[in-house]
There are 2 protein chains.
Amino acid sequence: MRPSYKSIITALKRHGHKLTLQRRAVIDVITSSQDHLTPAAMFEKVRQDHPGIGLVTVYRTLKLLTELNLICELRTADNCPSYTAGTSEHHHHLVCSGCGKVVDFASPRLIERDVAKLEGKLSRENGFRIDEHLLEFTGLCELCQKAQASSV
Amino acid sequence: MRPSYKSIITALKRHGHKLTLQRRAVIDVITSSQDHLTPAAMFEKVRQDHPGIGLVTVYRTLKLLTELNLICELRTADNCPSYTAGTSEHHHHLVCSGCGKVVDFASPRLIERDVAKLEGKLSRENGFRIDEHLLEFTGLCELCQKAQASSV
DNA sequence: GTCTAAATGAAAAATATTATCATTTACACT
DNA sequence: AGTGTAAATGATAATATTTTTCATTTAGAC
């Protein structure tokens, strides 16, 4: 389940962080959108309700939430990180290389089991302590496929 | 098999690109290193033999090689892209979140088969044309584990 | 050898992110 | 409710990374 506005607020409080209007605003935006948003996009959204907020605050809030593992950070080839609520649930990414759209999905238990095995093997062979894994598919979404087809 | 200096040169030629000293130098560095290198790191290496080369040229060459799919671009949480020779061989990444070290590995056929199945399902359900996939493990390498242990 | 489009390097611009610091504010404690 | 204090904010500057621009150079076809 995607973490709700409330659960994130609670977690922040639990870790001894202050609940400022600005943080609430950022959390509101991130939890009420299904998409992965870049810091800049989030800033624009938050701004609508809180004209005074600074981009810096958005960056700081995202950093904090990422450190507490309350949101999910994603980096793709377009160089901009984007964030979405929901790391409590383990999920993977399907990324459109055309427009950057990201679809989250849960992978079948079968794969997760195999991946866990592979994780053990890699860990032993390379001396790593492995903390997480991510499966990422890249391709073109429906719209970008059409755009490509019509431009050729 | 990792693409060799020669194979990349040939591919460039085939696509009608000129073989400048600078490009040769960058390709030499990227093929003779096992690691993923950032543009800046590559610049430093290339510079040793070609003091006159510009960082811009390194960027341009990496961009070109990436577009031609001759090298592999990787982005992790530290925000710096890094590149390595070798996309002709399908491989995955084990990334150290401490120092950024990347180990490439091939995943067992078992997983690849399941992933292919999942790929078909995702493609159908989301209307994506899926081009590639990447499995990425994140953790701490041996050195960074020790560093962490001793600092606590 | 000559020609030309492609590639380069220097500098500036654009973009993204972080650091600094004075001011404001949440909230623990009365 | 009022007060004190550490944490958080916003403005600004700084840093880092990547791209653009453009005059000059050069690889490679002829």
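Chain letters run A, B, ... following the sequence lines, proteins first, then strands; residues in each count from 1. Hydrogens, waters and symmetry mates play no part in the numbers below; they use all other heavy atoms, side chains included. Just so we're clear, the structure is a prediction, and the values are computed from it rather than from any experiment.
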Check whether more than 12 heavy atoms from other residues, nucleotides or ligands sit under 6.0 Å from atom CG of A:L143, and answer yes or no.
->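 Result for CG/A:L143: open.
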Of B:R23 and B:V56, the one whose closest DNA chain C nucleotide lies more 5' =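 The answer here is B:R23.
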Considering all heavy atoms, the nearest B:Y83-B:P39 contact =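 Minimum heavy-atom separation between B:Y83 and B:P39: CE1-CG, 3.9 Å.
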Provide, to the nearest angstrom, the distance between the [atom1] atom belonging to [X] and the [atom2] atom belonging to [N].
X	N	atom1	atom2	value
B:H15	D:dG28	NE2	C1'	18 Å
B:L64	D:dT18	CG	P	17 Å
A:K63	D:dA7	NZ	P	16 Å
B:L62	D:dT17	CG	C1'	13 Å
A:L12	C:dA26	CG	C1'	13 Å
B:E67	D:dT18	CD	P	15 Å
A:K13	D:dA7	NZ	C1'	16 Å

Write out a two-atom table: protein N or O, nucleotide N or O from nucleotides 25-27 of chain D, distance below 3.5 Å.
| residue | atom | partner | partner atom | Å |
| --- | --- | --- | --- | --- |
| D:dA27 | N3 | B:K18 | NZ | 3.0 |

Identify whether B:I71 and B:L134 are in the same connected component of the hydrophobic contact network (ILVMFWY, side-chain heavy atoms under 4.5 Å).
->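 No; B:L134 is not reachable from B:I71 via cluster members.
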Given C:dT20, C:dT17, C:dG9, which nucleotide is nearest the side-chain atoms of A:R60?
->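 Closest nucleotide to the A:R60 side chain: C:dT20.
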Minimum-distance nucleotide to A:T57 side chain [options: D:dT9, C:dT18, D:dT18] |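 Comparing D:dT9, C:dT18, D:dT18 against the side chain of A:T57, the answer is D:dT9.
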Under 3.5 Å, is there a donor-acceptor pair linking the side chains of [X] and [Y]?
X	Y	value
B:E67	B:H15	no
A:T57	A:Q22	no
A:E73	A:H36	no

Is there side-chain contact between B:L21 and B:I53, with heavy atoms separated by less than 4.5 Å?
->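 No, their side chains stay 4.5 Å or more apart.
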Would you check if B:R23 and B:R60 make a side-chain contact, meaning some heavy-atom pair closer than 4.5 Å?
->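 Heavy-atom side-chain distance check fails, nothing below 4.5 Å.
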Distance in Å, B:L37 CG paired with B:K45 NZ, rounded so as to fall on 0.5 Å steps =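 Rounded to the nearest 0.5 Å, the CG-NZ separation comes out at 5.5 Å.
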Give, for atom CG of A:L65 and atom SG of A:C72, the distance between the pair rounded to the nearest 0.5 Å.
->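 One finds 12.5 Å between CG of A:L65 and SG of A:C72.
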Residues from residues 37-55 of chain B lying under 4.0 Å of DNA chain C - heavy atoms =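 Within this stretch, B:G52, B:I53, B:G54 sit under 4.0 Å of the strand.
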The helix from C:dG1-D:dC30 to C:dT30-D:dA1: angle between its terminal axes, five pairs each, to 10°?
->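 The end axes of the helix from C:dG1-D:dC30 to C:dT30-D:dA1 are about 40° apart, to the nearest 10°.
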Passes side chain to side chain donor-acceptor pair (under 3.5 Å), A:E132 versus B:T138? Steps please.
-> CA-CA 5 Å; A:E132 45 181 308; B:T138 314; 5.1 Å; no
May I ask you to evaluate whether B:H17 reaches the phosphate of C:dA6, defined as a side-chain N or O under 4.0 Å from OP1 or OP2?
->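 So the side chain of B:H17 is outside the cut-off, no N or O lying under 4.0 Å from OP1 or OP2 of C:dA6.
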